[in-house]
There are 2 protein chains.
Amino acid sequence: MKYGPDISRIASLIGDPARANMLTALMSGKALTATELAAEAGVTPQTASSHLARLEQGGLLSFRKQGRHKYAALASEQVAQVLEMLMGIAARAGHTRTRTGPRNQALREARICYNHLAGDCGTRMFDRLIERDLLIQDGDDLRLTDIGKTFMRGFGIDLPKLVKGKTPMCRTCLDWSERRSHLAGSLGRALLSRIEDLGWARRDRDTRIVTFTPQGRQAFDALFG
Amino acid sequence: MKYGPDISRIASLIGDPARANMLTALMSGKALTATELAAEAGVTPQTASSHLARLEQGGLLSFRKQGRHKYAALASEQVAQVLEMLMGIAARAGHTRTRTGPRNQALREARICYNHLAGDCGTRMFDRLIERDLLIQDGDDLRLTDIGKTFMRGFGIDLPKLVKGKTPMCRTCLDWSERRSHLAGSLGRALLSRIEDLGWARRDRDTRIVTFTPQGRQAFDALFG
DNA sequence: TTCATAGTTCGAGGGTAATCGAAGCATCGC
DNA sequence: GCGATGCTTCGATTACCCTCGAACTATGAA
């Protein structure tokens, strides 16, 4: 009767609150162990184990064993994008888990999306890169221009290293709070990483919030504001 | 404990097979009545009614009453995009409802996505428009260039009419089979509509497949191939 | 080896929600 | 007005799956 891929199977995977909590926790980009995810989801390790198995089978998560630990991560950036878009729709429908408050404000300001910078800061940075012709959008692909490459090198990004990876260097990712694009891909990750190394900002330990220091904020604005 | 929008609520809406079937049926862009959707989902009208109510409450569908009929449509293009992306992930994980066959082949070739052209034809058309500088991608926004406007007028598109609508004229939409962008928005819809008016192609009554006539295909390729 | 920690498997229990039959409104055609 | 059709509400049934306790395997530390 119906043709095409089966949406409901994978949507129902995201549809369980415990699994959804695990997935959002992994949006930080950090790989987490099974027990950490169990705590994150508020369930016992046994329950978490079965959830994780199903998420892997559904192609949403991938695992890496290390000693007696099992680290989980989102299977692909596509998965992260879907989660981000779902957040956008959920936010529009008013389905927030908690009342809007200062924490949510901070999330809107700057947060981690998978492994790169999102929120107001993320989209502003992206817009600025495009505006200055450092980055060019061509169809669905993004690519750095020559001056863009120079800029990135000057900022301390090791470009050749990025090219080697199998993930595309530049990708767009839709932002749920801003409803516009920000930069994903290995360059997106490298930029955030560099911003942390410079001490401009640091990730919150438990949430996706990114906090800028006053000086860091100033430097960031000077470059991307 | 957790902050940000609640994904699971809306994902679980999509996660039910009956509702997922309804949503995919609406990806054709046509508004369907409650009973039609019931048939599409393979459930009785009573069951469908409760599903539709929940989908509306969740912000996924919007309704228009007309006499004793109640027409349903996807609430926004964002919803259509999420569904398309979910199909992409589901396809990658191998969760197809039926074996790959001729019908699936046709779907990959040319199909309706919400209300515009998707599949190989859709992405090819989009690429071509960008290539020829008829369309320019700027950040997350698309816009027609002057020669693009001339081109569209020449093709028989009533541009001023499109501008009046509240939906953005140009938008990108990610294609699950091609994993690249194609053109959405009111211009996307207008183009498909024009292609049908010219007799180049017609929509299949019951599926999302778009079938080109031999001459139509030739004309299309000449313009966008 | 022995103990502790990480993760899994198994089985039982329990709650949510999908489903349909029957009945109730609303609207259209006559 | 009357019947027919489209859609909804209500209640009862049923099935699925989320959950955890208990027992098991595997890795690491002492």
Side-chain angles (χ1 to χ4, degrees), chain A residues 1-2 6-26 30-58 60-73 90 93 95 97, chain B residues 1-2 6-26 30-73 93 95 97:
Chain A
M1 185 106 121
K2 292 266 135 262
D6 184 7
I7 290 185
S8 70
R9 262 230 202 74
I10 110 114
S12 66
L13 283 177
I14 311 176
D16 176 76
R19 286 192 292 262
N21 282 337
M22 293 176 170
L23 290 170
T24 37
L26 290 169
K30 281 197 303 187
L32 297 175
T33 66
T35 26
E36 285 172 329
L37 286 170
E40 201 71 44
V43 294
T44 58
Q46 307 96 292
T47 309
S49 177
S50 87
H51 282 315
L52 292 174
R54 297 184 58 181
L55 286 170
E56 179 180 29
Q57 215 230 327
L60 296 180
L61 293 186
S62 64
F63 293 97
R64 233 181 55 213
K65 274 202 159 173
Q66 224 167 78
R68 53 180 168 180
H69 292 282
K70 187 180 176 184
Y71 286 94
H95 294 321
R97 251 177 307 203
Chain B
M1 185 107 122
K2 292 264 133 266
D6 183 8
I7 291 185
S8 69
R9 262 231 201 72
I10 109 114
S12 67
L13 283 177
I14 312 175
D16 176 77
R19 286 192 292 262
N21 282 338
M22 293 176 170
L23 290 169
T24 37
L26 290 170
K30 280 197 304 188
L32 298 175
T33 66
T35 24
E36 284 171 330
L37 286 170
E40 201 70 43
V43 295
T44 58
Q46 306 97 290
T47 308
S49 177
S50 86
H51 282 315
L52 292 174
R54 297 186 58 182
L55 285 170
E56 180 180 28
Q57 215 228 328
L60 296 180
L61 292 187
S62 64
F63 292 96
R64 234 181 53 211
K65 274 201 160 173
Q66 225 167 77
R68 52 180 168 181
H69 293 281
K70 187 179 176 184
Y71 286 93
H95 294 320
R97 251 175 308 203

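We name chains A, B, ... by the order of the sequence lines, and we start the count at 1 in each one.
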Report summary line: So CD of B/E40 and CE of B/M22: to nearest 0.5 Å the spacing works out to 9.5 Å

Query raised in the report: Roughly how far, to the nearest 0.5 Å, is the NE2 atom of A/H51 from the CG atom of A/N21?
Result: 10.0 Å

Name all residues meeting the side chain to side chain donor-acceptor pair (under 3.5 Å) criterion together with [X]; count only those two or more places apart in sequence or in a different chain, and write none if there are none.
{"X": "A/Q46", "result": "A/T44"}
{"X": "A/S49", "result": "none"}
{"X": "B/S62", "result": "none"}

Query raised in the report: Does B/S49 or A/K65 map to a spot on DNA chain D nearer the 5' end, using the closest nucleotide for each?
Result: B/S49

Side chain [X], main chain [Y], donor-acceptor under 3.5 Å:
{"X": "B/R19", "Y": "B/S12", "result": "yes"}
{"X": "A/E56", "Y": "A/A53", "result": "no"}
{"X": "B/T24", "Y": "B/A20", "result": "yes"}

Report task. Go through DNA chain D in 5' to 3' direction and return only the first and the last nucleotide with some atom under 4.0 Å of chain B's heavy atoms. Result -> D/dA4 to D/dT9

**Report entry** Interatomic distance where NE2 belongs to A/H69 and C1' belongs to C/dA4 [whole Å]
**Finding:** 12 Å

Report summary line: Contact string for nucleotides 15-30 of chain C, one letter per nucleotide 5' to 3', B = base within protein heavy-atom range under 4.0 Å, S = sugar-phosphate only, - = neither, reads --SSSBBB----BS--

Report task. Apply the side-chain contact (heavy atoms from CB on, under 4.5 Å) test between A/I10 and each candidate in A/I14, A/I7, A/D6; give the one that qualifies. Result -> A/I14

Query - Residue pair A/Y71 / A/T33: nearest heavy atoms and the distance that separates them - result: CE2-CG2, 3.5 Å

**Report entry** Net bend of the helix from C/dT1-D/dA30 to C/dC30-D/dG1, end axes of five pairs each, nearest 10 degrees
**Finding:** 30°

